[in-house]
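Starting off with a structure, shown below.
Since the model is a prediction, treat every value here as computed from it, not as a measurement. Residue numbers start from 1 in every chain, and the chains themselves are labelled A, B, ... in the order their sequence lines are given, proteins ahead of strands.
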Amino acid sequence: MIQQNETPIQLNQPDPGTLIAQGTGGGSWQVLSYQAPVVAIHMALLRTGKVFLIGGSSLDPNNRLCPNCSAVWNVNTGTFTRPTTPNDDAGIVIDLFCSAHSFRTDGQLLVAGGTQQYQPYKGSSAALLFNPSTEQWTKLPSMNRGRWYPTLVTLGSGRIFTLSGINSQGNDIEGNAEIYNGSSGWNLFSQQTASPFPMYSGLILMQNGRLFYSGSNFENQESATPRIITIPSQFTQPITEQAVSGLTNLAQRNQAATVLLPPAQDQRVMIIGGGGLGPNGDSFGAPTTNSVNIVDLKASSPTYTAGPSLNNARMHHEAVLLPDRTVFVCNGTSSGENELILPAEIYNPATNTWTVVATPTVLRRYHSTAILLPDGRVVAAGSAPSFGLENHDFRLEIYSPPYISQPRPAIQQAPTSVRYGNTLTMTISKPQGVPIKWVSLISPMATTHSLDTSQRVVDVPIASQSSTSLTTGAITTNRNLAPPGYYMLFITDNNNVPSVARWIRLRT
Amino acid sequence: MLRRLTRRQFGQIAIAGSAAAAIAALANRTFAQPAQAPLVLIAVRPGNLTRNDVTGGTSAAPNDTIVPDDPDQSTAPSKPARARTARGLQLVSLDVGNGQVQTRPTPAASLESGEEISGLAVLTDGSIVVAITPSSTSDQGRNPTRLVLLGTPPRSVNVRLSPQEALDSLLVLNDGLLVSLVVSKAGTPGGRLVTVDPQNGQISTIFELPTDQRFSNLAQCPDGTIYTTTVARDGATSLVQLNLGQNQVIPGAQLRFNNQVWNNGLNSLVCSSAGQLFALGNLWHETTQHLYLIDAKTGNMTRLQPSDAAEITISRT
């Protein structure tokens, strides 16, 4: 357990006290001068460009009844608002600590599950909707089952699928999945899944409408077998599974990161790092792996193959898709909850290599998060490795990739919504006339415990461009490839420098 | 080597040799007479789905090209008028000594979605009573807690508690009184020990618990000692004795398993006629619950067998 006055060790950085940590050509980190009012155990980017932080009771039973332990952060002004969390049906404040979340098509964030009580942990069945416009919560009908550490994923229909999590009895993993639809609430699948799914299962929506479970999990290696899930057309029918083999280090994917590699059209999933279990059977002191595996979900029999390894083994980390179509990894520890600050790394699919970049100042361990901001930077927050608010980290640190300091293309004007199959025409500017290489729709992140089920970079073809305008080809009509909702629209030039994003809504 | 996550270990209680020896050794150490009498536990858990009201159309087909039925929501869907799902209850008898499991007749009682089994006891007349508490986060969170007497037909009585309160554990004292802990559904500190009239659900407070500790579980041994458990902020769990006559809470041993502090409370606690403590629980990073034998003097726990029972009690037959 680290005390706030201890100095963690930075790998490759002899002076951990600097405000701005520079890497060798690898961007830079900056600790902000102010702190978050809640520990960012859950973090999401709202379509307003503000960042939503959820702590809930934040690994502190004494904080179980906290009435306002979420915060909306205006990154531009450095200010926070604290919405009041609704009470449950019995009049007790709902605790969203250890919940899961996914965006609805209208950009509201559905948050479900969490903590009914501590020790034994009992899963909450509460479900809430957070409105970015009003910055207020709406209470939804509860799930049919309580879930602590579940997974939520938005389907191509806009409905939200959930499975797993510790049940409301506190004695087992919940075996029945559910789906939320906006007109009637939650419907339960009558049959349990054929085999258990671990807590915080890493699920990805495939372009064929099926779900891929990557093998990433929370401390449940015994049920961490990768598989493809087919959701039936009737709730009384079974959810079928197809095993996916080839994943190495199966026993060390505890809090590994899972990403759909850019662009989403390639349907390649990467699982990154992870840990085993420590001597006490939990993550503390757990051995970690630097291994990376990749699976091509378009193959007739998808099988994991080895990818390039991380430079530093880690768990509890975050993988963020950047608008230059690389994968940025930060946070985490090399052995569960140790005090070594690891440098961030970036994976480039084009070269299939990892590059070490700048090392942050702040140690981010269990319960830390990181998300992409619309301007292309990444914010890292949170860290709550042990019980008690006094042991948590409320500092915010922002990573600026190298492209931030480069001349950047800009979207001067673009539509705020587009329908499937339609084209986009936007007014742009290009520094030194560098052509635009990519147009990307990047979904906003909503992450916790190294898990984000919606993060993807959808390629939009370019039909034509001039020095001041760009017209795309038809946007995909496949709602499973690009679920309806809000995206960040980026253009990226031939120097791999992206613009600042514009928000756009993809709709039917 | 991977551990197996197994659901439905409900009735599989073949005791391993070393664990059986531990049970015997502990019995010999605790009381003068050896543990010759068979120890049979009754266990209860949620059963199979008996009702599932599906509304709003089907789930997504695998290759989803249908028009979504999910328009933008300016208002949330209404709370359902009643719980959408229900499950039965399953009961078994578990002979701890030889591992034999016997399925008991399925009670004609059910759990609505959002309800949890929070207590189990066998009354002096041999009838079984189950405490069922609505989870506060369910849509029916303010429905009353109820006692279900599993006779033919089963009979349900409501217990007068506030919506924020739950019955935690049921215990028939040596003098035949049925008692329970009333605690917060949020698991926050405090609570009280109450007598419960299983015929009409009336409760009466007999002991106020300290407001700075989290209490759960109840068991009474043949020598009259009443045990409960407390949980510290970090999950460290300890046995505590309740001295009703002197209105005292007497700290006891901290629970330990494999030389580490037990960190996740217990789901159920019982004391056999030989004075042995048995408990259901799982370390907080484990999802497979087990049955444990507890040495009341040292707090050491011996793992016996996986079990996904919600509650256990001692059989009177």
Indicate whether any N or O donor in one side chain lies under 3.5 Å from an N or O acceptor in the other, for Q119(A) and R214(B).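 Yes, R214(B) and Q119(A) have a side-chain donor paired with an acceptor closer than 3.5 Å.
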Contacting moiety of Q260(B), where chain A heavy atoms sit under 4.5 Å: side chain
Between N282(B), L280(B), N267(B), the one whose heavy-atom pairs under 4.5 Å with chain A are most numerous: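 Result: the option with the highest number of such pairs is N267(B).
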Matching residue for R210(A) among T230(A), T240(A), N480(A) - test: side chain to side chain donor-acceptor pair (under 3.5 Å):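 Exactly one pass, corresponding to T230(A).
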Salt bridge flag under 4.0 Å for residues K185(B) and E116(B):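 The answer is no: the pair does not qualify as a salt bridge.
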Highest number of heavy-atom pairs under 4.5 Å with chain B: which of S283(A), P61(A), A126(A)?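 Answer, by heavy-atom pair count under 4.5 Å with chain B: P61(A).
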So for T188(B), is it side chain, backbone, both, or neither that comes closer than 4.5 Å to the heavy atoms of chain A? side chain
Turns out that what part of D234(B) lies under 4.5 Å from chain A's heavy atoms comes down to both
If you measure only the distance, is there a donor-acceptor pair under 3.5 Å linking the side chains of S138(B) and S125(A)?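 Distance-only check fails for S138(B) and S125(A).
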Which region of L266(B), side chain (C-beta onward) or backbone (N, CA, C, O), has a non-hydrogen atom less than 4.5 Å from a non-hydrogen atom of chain A, or is it both or neither?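 Backbone of L266(B) only, per the 4.5 Å heavy-atom cut-off to chain A.
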Can we say R45(B) and D172(A) salt-bridge, meaning some charged N sits less than 4.0 Å from an Asp/Glu carboxylate O?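 No salt bridge links R45(B) with D172(A).
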Quick one: what part of K122(A) sits under 4.5 Å from any heavy atom of chain B, side chain, backbone, both or neither? side chain
Sort out for me which of D60(A), I166(A), N131(A), T236(A) touches chain B most, counting heavy-atom pairs under 4.5 Å.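 Highest number of pairs under 4.5 Å: D60(A).
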If we only count heavy atoms from C-beta on, is the L94(B) to Q305(B) side-chain gap below 4.5 Å?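 In short, these two side chains do not touch, never coming nearer than 4.5 Å.
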For the pair Y149(A) and F218(A), name the ring-plane relationship: parallel under 30°, tilted 30 to 60°, perpendicular over 60°. perpendicular
Quick one: what part of N52(B) sits under 4.5 Å from any heavy atom of chain A, side chain, backbone, both or neither?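 The answer is the side chain of N52(B).
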Checking heavy atoms, do the side chain of L65(A), its backbone, both or neither come under 4.5 Å from chain B?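 Interface part for L65(A): side chain.
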Check: Q116(A)/S136(B) side-chain N/O donor and acceptor closer than 3.5 Å: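 Yes, a side-chain donor-acceptor pair sits under 3.5 Å.
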Regarding E112(B) and R51(B), does a basic nitrogen lie under 4.0 Å from an acidic carboxylate oxygen? yes
Using 30° and 60° as the class boundaries, would you call the ring planes of F257(B) and W262(B) parallel, tilted or perpendicular?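 If you compare the ring of F257(B) with that of W262(B), the planes turn out perpendicular.
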Which answer fits S78(B), side chain, backbone, both or neither, if we ask what part of it has an atom under 4.5 Å from a heavy atom of chain A?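 Interface part for S78(B): backbone (N, CA, C, O).
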Most contacts with chain B, counted as non-hydrogen pairs under 4.5 angstrom, among S142(A), P279(A), S124(A): S142(A)
Less than 4.5 Å to any heavy atom of chain B: does that hold for the side chain of L188(A), its backbone, both, or neither? both
Name the region of D53(B), side chain, backbone, both or neither, that has any atom closer than 4.5 Å to a heavy atom of chain A. backbone
Residue, of G107(A), S57(A), P120(A), that accumulates the most heavy atom pairs under 4.5 Å with chain B: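 The candidate making the most pairs under 4.5 Å is P120(A).
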Is it the backbone or the side chain of M199(A) that comes under 4.5 Å from a heavy atom of chain B, or both, or neither? side chain
Counting heavy-atom pairs closer than 4.5 Å to chain A, which one of G187(B), A186(B), G265(B) comes out on top?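 Between G187(B), A186(B), G265(B), the count favours A186(B).
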Under 4.5 Å from any heavy atom of chain A - which part of A232(B): backbone
With no hydrogens and no angle check, do the side chains of E178(A) and T162(A) hold a donor and an acceptor under 3.5 Å apart? no
